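Quick note on labels: first sequence line is chain A, next is B, and so on, each numbered from 1. Being a predicted model, the structure only gives us computed values, none of them experimental.
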2 protein chains.
Amino acid sequence: MAHHDLNVVHQQCGDCPIRHRAVCARCESDELQRLEEIKYYRSFQAGQTVIWSGDRMDFVASVVTGIATLTQTMEDGRRQMVGLLLPSDFVGRPGRDKAAYDVTATTDLVMCCFRKKPFEEMMGSTPHIAQRLLEMTLDELDAAREWMLLLGRKTAREKIASLLAIIARRDASLKLKSQKSALVFDLPLTREEMADYLGLTLETVSRQISALKREGVIELQGKRHVTIPNLDRLMEEAGDDSDGGFLN
Amino acid sequence: MAHHDLNVVHQQCGDCPIRHRAVCARCESDELQRLEEIKYYRSFQAGQTVIWSGDRMDFVASVVTGIATLTQTMEDGRRQMVGLLLPSDFVGRPGRDKAAYDVTATTDLVMCCFRKKPFEEMMGSTPHIAQRLLEMTLDELDAAREWMLLLGRKTAREKIASLLAIIARRDASLKLKSQKSALVFDLPLTREEMADYLGLTLETVSRQISALKREGVIELQGKRHVTIPNLDRLMEEAGDDSDGGFLN
DNA sequence: CTGCGGTTTTGATCTGCATCAAGGCGCAAG
DNA sequence: CTTGCGCCTTGATGCAGATCAAAACCGCAG
């Protein structure tokens with residue numbers, strides 16, 4: 001496994017994250033070539049819908065830059081976000097041809113898409129890809145289940161703290177900054193999107209954020225720019241023993 | 001794919017469901033042989049814990065008979081069920097050696113286990129297995145996300161109705177009974193377990209079940225035996241457009 | 001500068017579910 | 001038969017978060 005390590009492979013992979021997810025460039029260069037042939041890029045503006053639940057979906061894709069969300073909606077309009085896609089995350093499922101949720105770009109977004117048919121054929125012939133995808137899907141499943149605990153049992157305050165902790169940690173690991181100094185970031189979501197993610201209303205989100213600010217657990221510059229003076233303190237508020245779910 | 005069909009293969013597979021999940025007996029008999037060599041059975045009594053979250057887990061397994069639950073627990077004791085394992089469902093994850101949740105037998109339970117190391121090796125050499133496992137994991141992920149909508153946005157009444165509808169449907173498809181007459185079943189969960197699954201308290205579960213009974217949406221014989229006179233009516237109460245989540 | 005739409009905050013009130021508490025039912029053991 | 005123990009139901013009360021309403025903020029186009 002050693003030289004399948006993501007970071008090592010990354011250097012050779014150029015601009016498309018799926019490659020260092022699905023295959024190793026060093027030992028599978030012919031596969032890489034084939035992936036190259038079936039891939040194409042799509043861009044979306046912030047707010048645009050990538051695909052609606054129930055629509056035909058003839059590709060699988062990974063996020064190159066930007067953020068996308070997966071949401072489910074009831075007929076009366078109640079919404080629940082069920083996933084947050086960050087750069088290098090994967091969408092779509094081999095074996096089904098309808099999208100199961102709405103996929104929306106919350107920021108400007110670039111995705112790297114692969115036509116589904118040939119992608120599936122590749123999976124049949126190259127065990128690496130299915131295995132890597134399985135691993136990723138299991139991670140997502142763990143994250144989803146972590147989120148079920150949050151939705152079912154945590155208080156509003158704990159929910160907010162959990163979300164902030166996850167974003168902070170993901171952000172820190174992404175930037176690979178030297179110190180805890182990395183605990184400064186811009187919220188990639190509006191209050192309403194946070195509410196949809198956490199199973200709350202936007203008013204409750206706003207109030208709880210204000211409360212955390214008032215009590216010094218977080219600091220705010222403007223509406224979106226957050227500083228975490230003490231991550232341990234925040235994690236205490238989150239009531240979380242584990243490693244934070246949506247962290248890869 | 002035709003002769004990979006689960007029911008067809010089932011006849012040849014004898015007592016262990018993973019075989020017709022992971023491989024096709026007709027075309028992969030040597031793999032079948034290898035699986036045979038690394039498998040063993042374990043039985044548990046109702047209420048027994050199969051494994052605790054965080055424990056070393058050196059096997060993967062599938063349920064042969066009985067029902068098991070996956071639950072997550074916070075330090076202060078709040079519990080959330082994150083999965084329900086029915087016969088033929090799979091637990092465990094290739095690639096991680098710690099259990100991520102508590103696994104508990106809610107009825108008497110028989111599991112078919114495979115030692116993890118050799119199982120993983122097999123996966124590397126036989127694409128079928130990884131692909132089948134990927135498909136199953138994606139189904140579970142969809143189910144988990146469906147559940148997130150329930151936990152985050154549905155009312156207590158809708159939650160109960162959803163759970164009953166899912167059990168009824170799963171049960172009907174399992175029995176393959178001729179008619180809608182199949183909509184009679186015994187609840188496999190206590191009120192408290194339902195509460196843990198739905199993110200409610202057991203009192204609320206009890207009250208909502210009483211209400212549905214009072215209004216004729218369901219009928220009860222004793223505490224556990226349920227009859228659904230009109231599934232469409234129940235599904236309306238569930239506020240559900242989709243196909244019910246935890247249905248395979 | 002002004003006005004405007006989208007976002008966020010804050011306040012007042014309402015309500016669904018949790019919490020606390022008591023009692024009932026079925027069953028197994030004494 | 002009585003006793004005890006799980007499991008379930010029902011009632012009374014409280015509270016976290018939803019809902020309704022208004023105003024402040026912020027960027028931006030005119």
Side-chain angles (χ1 to χ4, degrees), chain A residues 45-48 74 76-80 104 106-107 150-164 186-215 218-226 237 239, chain B residues 45-48 69 74 76-80 104-107 150-164 186-215 218-226 237 239:
Chain A
Q45 294 180 315
Q48 259 192 300
M74 296 172 65
D76 63 4
R78 280 175 281 174
R79 290 162 55 82
Q80 176 64 50
T104 311
T106 52
T107 65
L150 176 145
L151 290 172
R153 296 301 185 195
K154 289 191 180 178
T155 65
R157 164 181 270 251
E158 288 167 336
K159 286 177 176 182
I160 297 287
S162 298
L163 180 60
L164 292 175
D186 284 298
L187 286 172
L189 304 173
T190 65
R191 301 289 186 263
E192 186 173 24
E193 286 163 339
M194 289 190 241
D196 282 344
Y197 204 8
L198 299 170
L200 298 170
T201 58
L202 80 182
E203 293 96 328
T204 299
V205 170
S206 179
R207 273 187 250 274
Q208 295 296 337
I209 288 179
S210 298
L212 289 174
K213 177 185 174 187
R214 202 178 317 121
E215 297 167 30
I218 62 172
E219 287 158 25
L220 276 184
Q221 287 76 42
K223 313 288 184 186
R224 297 290 196 93
H225 194 75
V226 180
E237 295 288 349
Chain B
Q45 296 181 315
Q48 258 193 301
T69 61
M74 296 173 65
D76 62 5
R78 280 175 282 175
R79 290 163 54 82
Q80 176 65 49
T104 311
T106 51
T107 65
L150 177 146
L151 290 171
R153 294 304 186 194
K154 289 191 180 179
T155 65
R157 165 181 268 250
E158 289 168 335
K159 287 177 176 181
I160 297 287
S162 298
L163 180 59
L164 292 176
D186 284 299
L187 285 172
L189 303 173
T190 66
R191 300 288 186 263
E192 185 173 24
E193 286 164 339
M194 289 189 241
D196 282 344
Y197 204 8
L198 298 170
L200 298 170
T201 59
L202 79 178
E203 294 95 328
T204 298
V205 170
S206 179
R207 273 186 250 273
Q208 295 296 337
I209 288 179
S210 299
L212 289 175
K213 177 185 173 187
R214 200 179 318 121
E215 297 167 30
I218 62 172
E219 289 158 23
L220 274 184
Q221 287 75 43
K223 314 288 185 187
R224 295 291 195 94
H225 193 75
V226 180
E237 295 289 349

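The CG-C1' distance, from B:Leu198 to C:dG16, rounds to 16 Å in whole Å. Note: CD1 (A:Ile209) to P (C:dT9) measures 6 Å, nearest angstrom. Rounded to whole Å, atom P of C:dC17 lies 13 Å from atom CZ of A:Arg153. Regarding A:Leu189, its CG atom lies at a distance of 13 Å from the P atom of C:dT7, rounded to whole Å. A straight line from CZ of B:Arg214 to C1' of D:dT10 spans 10 Å, rounded to a whole angstrom. What separates CG of A:Asp196 from P of C:dT8 is a distance of 12 Å, to the nearest Å. Look at CG on A:Leu212: it is 13 Å from P on C:dT10, rounded to the nearest Å. Rounded to a whole Å, the CD atom of B:Glu192 is 11 Å from the C1' atom of D:dC8.
Put simply, A:Ser206 has a side-chain N or O that comes within less than 4.0 Å of OP1 or OP2 on C:dT9. Remark: A:Thr201 is not in phosphate contact with D:dG17, judged by side-chain N or O atoms under 4.0 Å from OP1 or OP2.
Here the CG-NZ distance, from A:Leu200 to A:Lys154, works out to 12.5 Å after rounding to the nearest 0.5 Å. Note: B:Ser162 OG to B:Leu151 CG = 10.5 Å, rounded to the nearest 0.5 Å. Rounded to the nearest 0.5 Å, atoms CD (B:Gln208) and CZ (B:Arg214) are 9.0 Å apart.
Within 4.0 Å (heavy atoms only), B:Arg224 reaches sugar-phosphate atoms of the nucleic acid but no base atom. Across all strands, A:Ser210 comes closer than 4.0 Å only to sugar-phosphate atoms, never to a base (heavy-atom distances). In this structure, A:Gly47 reaches neither bases nor backbone, as no heavy-atom distance under 4.0 Å exists between it and the strands shown. Residue contacts for B:Thr190: at a heavy-atom cut-off of 4.0 Å it reaches the sugar-phosphate backbone alone, with no base atom in range.
Using a 4.5 Å heavy-atom threshold, the side chains of A:Leu164 and A:Leu212 count as touching.
In the set C:dT10, D:dG17, C:dC20, C:dT10 carries the atom at the smallest distance from any side-chain atom of A:Glu203. Nearest to the side chain of B:Arg191, among D:dG17, C:dT10, D:dC8, sits D:dC8. In this structure, the nucleotide among C:dT8, D:dG17, D:dT19 sitting nearest to the side chain of A:Leu200 is D:dG17. Taking every side-chain heavy atom of B:Arg207 into account, C:dT19 is the closest of C:dT19, D:dG17, C:dT8. When distances are taken from the side chain of A:Leu202 to each of C:dT8, D:dT9, C:dA18, the shortest belongs to C:dT8.
Side-chain atoms of B:Lys213 do not come within 3.5 Å of backbone N or O of B:Leu220 as any donor-acceptor pair.
Mapped onto DNA chain D by nearest heavy atom, A:Ala156 and A:Lys223 fall at different nucleotides, with A:Ala156 at the one closer to the 5' end.
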